[in-house]
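Each remark here refers to the structure printed beneath this line.
Values below: all heavy atoms of this structure, side chains included; hydrogens, waters and symmetry mates excluded.
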Amino acid sequence: MGPGKDGNRRLRRLIAGNWKMYGRTADLGEALAVDEALTAGQGAAIDVIICPPATLLLPLAQMLEGRALRVGAQDCHTAPEGAHTGDISAEMLAEAGAAAVIVGHSERRADHGETDRQVRAKAEAAHRAGLMAIVCIGETLGQRQAGQTLAVVSRQLAASLPATATAANTVVAYEPVWAIGTGLTPSAGDVAEVHAGLRSDLVGRFGAEEGTSMRLLYGGSVKPGNAASLLAIANVDGALVGGASLKAVDFLAIVAACPAQ
Ligand code: PEP
């Protein structure tokens, strides 16, 4: 890790797949195919995680024990245990084999009314359980059109990251809500502007060393065809991939498009 030729610090990249509410036992073969390619050397210099639905977490983690591909979850409760029907704690996810958990995905913010405050508590719970928190933020189309993008994501970042966040236990994913699952992506200039703003916020809050070391992912319609250009943008340290993570061939093409550092 050190300053690259463009002056930005080069961090170990991370490509994370979010399967959302897709995937049955029969689909575990896709994850295994990804792992086989990684174990054979593809993407050896980057971190790769797949976050399947909770039902597949344990079997996938068992299949991948000691292998290259890591497993993550898509959400967690804030408490370690309790009377919370249907919820799963970060400790339970860790016991099932998760290394990371996505918190604050815009679909959870929209479907379940999750606030920044809850997202922050979930990230804190992830840290308590030893999981890496992948904290999602992003503006809506209306907010972008109103010129509020930088203010919105800066506010979300400040309110969604707990004091326990470090570069080792936290990754921030900038995901414009209007780009998720739509095939639309912001321009390279727009992504660069947002990521530069987030980087400066992180440095302001956590200091130069920690703030320049915390990885910033871009998410929203990352596909094999646009991955190389998105991943080449300054301060883009990887990607959070939804739809294109479901098929090994697509996901591996994105991994292959990711520069090592
Ligand atoms: C996501 O679910 O986080 C996501 C970015 O989805 P997609 O890649 O399908 O836009």
Side-chain angles (χ1 to χ4, degrees), residues 1-16 45-47 49 72 100-106 109 115-128 130-139 143-144 147-177 179 185-220 222 229-240 258-261:
M1 188 166 60
K5 61 180 183 310
D6 56 2
N8 285 289
R9 180 166 267 217
R10 291 299 177 200
L11 306 177
R12 189 175 166 87
R13 307 297 177 104
L14 167 65
I15 304 293
I46 65 175
D47 294 331
I49 297 179
V101 58
I102 299 169
V103 295
H105 191 283
S106 66
R109 291 178 186 258
T115 62
D116 288 334
R117 193 187 167 137
Q118 287 169 312
V119 173
R120 184 172 72 234
K122 288 182 177 205
E124 208 168 341
H127 298 156
R128 185 188 64 220
L131 299 180
M132 185 175 76
I134 302 174
V135 181
C136 301
I137 56 174
E139 83 285 3
Q143 289 166 331
R144 173 158 285 273
Q148 298 167 345
T149 299
L150 293 179
V152 167
V153 297
S154 181
R155 197 171 59 230
Q156 286 180 328
L157 184 75
S160 302
L161 287 189
T164 50
T166 66
N169 69 17
T170 303
V171 172
V172 174
Y174 166 57
E175 299 205 298
V177 178
T185 53
S187 69
D190 287 343
V191 174
E193 184 183 31
V194 171
H195 279 239
L198 295 174
R199 177 66 70 211
S200 134
D201 285 357
L202 290 175
V203 169
R205 175 159 171 196
F206 296 103
E209 180 61 32
E210 207 65 12
T212 53
S213 303
M214 196 176 287
R215 290 179 288 188
L216 288 170
L217 311 186
Y218 168 78
V222 177
S229 50
L230 287 164
L231 289 163
I233 298 169
N235 287 302
V236 173
D237 307 309
L240 181 53
C258 187
Q261 281 196 347

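What you find for Y218 and G220 is that their closest heavy atoms are OH-O, 2.8 Å. Minimum interatomic distance between C136 and E175 (heavy atoms only, all atoms of both residues): SG-OE1, 3.9 Å. The two residues N169 and T166 make their nearest non-hydrogen contact at OD1-N, 2.8 Å. In this structure, G219 and P176 approach most closely via the heavy-atom pair O-CD, 3.2 Å. Nearest heavy-atom pair, A173 versus L240, reported as atom, atom and distance to 0.1 Å: CB-CD2, 3.9 Å. Between D116 and S160, the shortest heavy-atom contact is OD1-OG, 3.1 Å.
Residues T170 and H127 have side chains that bring a donor and an acceptor to within less than 3.5 angstrom of each other.
A donor-acceptor contact shorter than 3.5 Å is absent between the side chain of R117 and the backbone of A159. For R199 (side chain) and A234 (main-chain N/O), no donor-acceptor pair under 3.5 Å exists by modelled atom type. Counting only distance, with no hydrogens or angles, the side chain of R109 and the backbone of G104 share a donor-acceptor pair below 3.5 Å.
Atoms CD and CG, on Q156 and L198 in that order, are 9.5 Å from each other to the nearest 0.5 Å. Rounding to the nearest 0.5 Å places CG of N235 at 12.5 Å from CD of E193. Note that SG of C258 is 9.0 Å distant from CG of D237, once rounded to the nearest 0.5 Å. The CG atom of L231 sits 9.5 Å away from the CG atom of L217 when rounded to the nearest 0.5 Å.
Under the 4.5 Å side-chain criterion, counting only non-hydrogen atoms from C-beta, R155 is not in contact with D201. Counting heavy atoms from C-beta outward, M132 and D47 have side chains that stay 4.5 Å or more apart. Counting only heavy atoms from C-beta outward, the side chains of L230 and V236 never approach each other to under 4.5 Å. The shortest side-chain heavy-atom distance between R205 and M214 does not fall under the 4.5 Å cut-off. Between V222 and I15, the closest side-chain pair of non-hydrogen atoms is not below 4.5 Å. In this structure the side chain of R144 reaches within 4.5 angstrom of the side chain of D190, judged on heavy atoms. The shortest distance between side-chain heavy atoms of V194 and E139 does not fall below 4.5 Å.
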message: I'd like to know whether L202 forms a side chain to side chain contact (heavy atoms under 4.5 Å, CB included) with L157, so could you lay out the CA-CA distance, the side-chain angles of the two residues, the decisive distance to 0.1 Å, and finally the verdict.
response: CA-CA 9 Å; L202 290 175; L157 184 75; 3.9 Å; yes
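Residues meeting the side chain to side chain donor-acceptor pair (under 3.5 Å) test with T185, sequence neighbours left out: none.
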